[in-house]
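Below: the structure, in structure tokens.
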Amino acid sequence: IGRLGADGVITGGIQPARDGLVHTRFTFNPSTGRLASEGPNLQNIPQPSSEEASWVKKCFVALLNHLYWSLDYKGIEAVLVGYFAGSRNYIRLSQIDVHTFFTLHALHMVDKVLPASDLPDLAWSDTDLTDYLGKMRARFKAQRQLNKHLVHGGAYLMTPFKAQEVLLKE
């Protein structure tokens, strides 16, 4: 977003191409293989509920006789992994919080810092599971962020060597 000068001219910000439009380049994030956007990054705009979202969204205008769509792929990789694996539980977790679920199990089985009694149970209702994972997400925020890379890496068939590289980098 540019700056409006006293002369009424906008300077700086994202420069449009010759056709007057801003174009992004879609790539893949090397650490997870997820879809990425660069030059400029048009994937990470403010959430619809934020104050900034209203003025940012005004910057996106559809061409005449065209539609503008905004899509949220939140959790789509995990949903697809669950679908192709034929696992209703994984699909359910992907819609609730698969990252925290995985993190808690890693903290129990690998790091040995979480007792089995603190693990979530898939027999719980969606509401109880969501509430519990939300509390644990706040408690283990840093560990969750690290394990999130591994969950996405698993969806994209990350090799053990790449997983080790990601863990050591973090």
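All values reported here derive from a predicted model rather than from experimental measurement.
- Here the closest non-hydrogen pair linking Ala62 and Leu67 is CB-C, 3.9 Å.
- Using modelled atom types, one finds no donor on one side chain facing an acceptor on the other under 3.5 Å when comparing Arg144 with Thr103.
- Heavy-atom minimum distance, Ser125 versus Arg92: C-NH2, 3.5 Å.
- Side-chain contact between Val98 and Val81: absent, with no pair of heavy atoms (C-beta onward) separated by less than 4.5 Å.
- Taking CZ of Phe102 as the start and OH of Tyr90 as the end, the distance is 8.5 Å to the nearest 0.5 Å.
- Other cluster members for Val61: none, since no ILVMFWY side-chain heavy atom sits under 4.5 Å from it.
- A distance-only check finds a donor-acceptor pair linking the side chain of Thr24 to the backbone of Glu38 [under 3.5 Å].
- For the pair Leu93 and Leu122, the minimum side-chain heavy-atom distance is below 4.5 Å.
- Here the OG1-NZ distance, from Thr100 to Lys141, works out to 11.5 Å after rounding to the nearest 0.5 Å.
- Annotation: ring pair (Phe, Tyr, Trp, His ring centres under 6.0 Å) contacts of His108 (sequence neighbours excluded): none.
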(request) Evaluate the criterion side-chain contact (heavy atoms from CB on, under 4.5 Å) for residue pair Leu119 and Leu114; output intermediate values, then yes/no. (result) CA-CA 8 Å; Leu119 291 176; Leu114 193 70; 4.1 Å; yes

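- Considering only residues two or more places apart in sequence or on other chains, Asp19 meets the salt bridge (charged side-chain N to carboxylate O under 4.0 Å, His left out) condition with none of them.
- When atom types are taken as modelled, the side chain of Tyr132 and the backbone of Asp121 share no donor-acceptor pair closer than 3.5 angstrom.
- The OG1 atom of Thr130 sits 10.5 Å away from atom CD of Gln95, with the distance rounded to the nearest 0.5 Å.
- Side-chain atoms of Asn147 come within 3.5 Å of backbone N or O of Gln143 as a donor-acceptor pair.
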